[in-house]
Amino acid sequence: AHRMDGQVPINIETALLKAKSVLYTRDSTHARANMVANNLALQLRWSSIGVFPTSGGLPIMVDDQMIGAIGVGGSNQDEECAYAALTSVVGPQPPLAPSTPPAPPRP
C-alpha cells in the first residue's frame, strides 16, 4: 500500500475496499458499479459481503490470469490512475468498463 501526501484516511480505506472487492468478484469495481446502478436489491446483496462497487479497483492480469488486484482512492480519476499504473508496470490489461451503466430495460 502507498499513500500520497494529502490523502485522508477514508481514501486509504476505500482503496483497500476496492482491491478486496476485485478479489471477491474477479472483476473491476466499475463493472460492478454499472451492474448495481439500477438495482437496489443487488446493491444490498453485494454490500452485505463487503463488495464496494465504486470505480477504482481493477484486477491485475498477466497472460489472461488474474494475479492480484489494485485499488485507488482519493480522486475523480481513480480507475484511470490504476489502469495507467498497470499498463506501465505489468503490460496490456483488459479494457475499462463503459463510463455509464446500461439503461434499465423499458417496461
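Values in this document were obtained by computation on a predicted structure and should not be read as measured data. Just the heavy atoms: all of them, side chains too, but no hydrogens, waters or symmetry mates, feed the values below.
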Backbone N/O of [Y] and side chain of [X]: donor-acceptor pair under 3.5 Å:
X     : Y     : value
Gln43 : Val36 : yes
His30 : Leu96 : no
Asn39 : Ala41 : yes

Given Asp78 and Ser75, is the side-chain hydrogen bond (donor to acceptor under 3.5 Å, both in side chains) satisfied, shown in steps?
CA-CA 6 Å; Asp78 295 343; Ser75 82; 2.9 Å; yes
Between [X] and [Y], what is the shortest heavy-atom contact and its length?
X     : Y     : value
Ile70 : Ala82 : CG2-CB, 4.0 Å
Ala84 : Ser88 : O-OG, 2.9 Å
Gln93 : Pro59 : OE1-O, 3.5 Å
Lys18 : Gly73 : NZ-CA, 4.0 Å
Val22 : Gly57 : CG2-C, 3.4 Å
Ser28 : Ala31 : OG-N, 3.0 Å

Distance from [X] atom [atom1] to [Y] atom [atom2], nearest 0.5 Å?
X     : Y     : atom1 : atom2 : value
Ile10 : Leu17 : CD1   : CG    : 8.0 Å
Cys81 : Glu79 : SG    : CD    : 11.0 Å
Met35 : Trp46 : CE    : CH2   : 6.5 Å
Arg32 : Ser55 : CZ    : OG    : 14.0 Å
Met66 : Leu23 : CE    : CG    : 5.0 Å
Glu13 : Phe52 : CD    : CZ    : 10.5 Å

Let me check something: do [X] and [Y] share a hydrophobic cluster, defined by ILVMFWY side-chain heavy atoms less than 4.5 Å apart, either directly or through other members?
X     : Y     : value
Tyr83 : Ile67 : yes
Tyr24 : Ile49 : yes
Leu86 : Val89 : yes

Derivation of the side-chain contact (heavy atoms from CB on, under 4.5 Å) call for Val90 and Ile60
CA-CA 8 Å; Val90 179; Ile60 302 171; 4.0 Å; yes
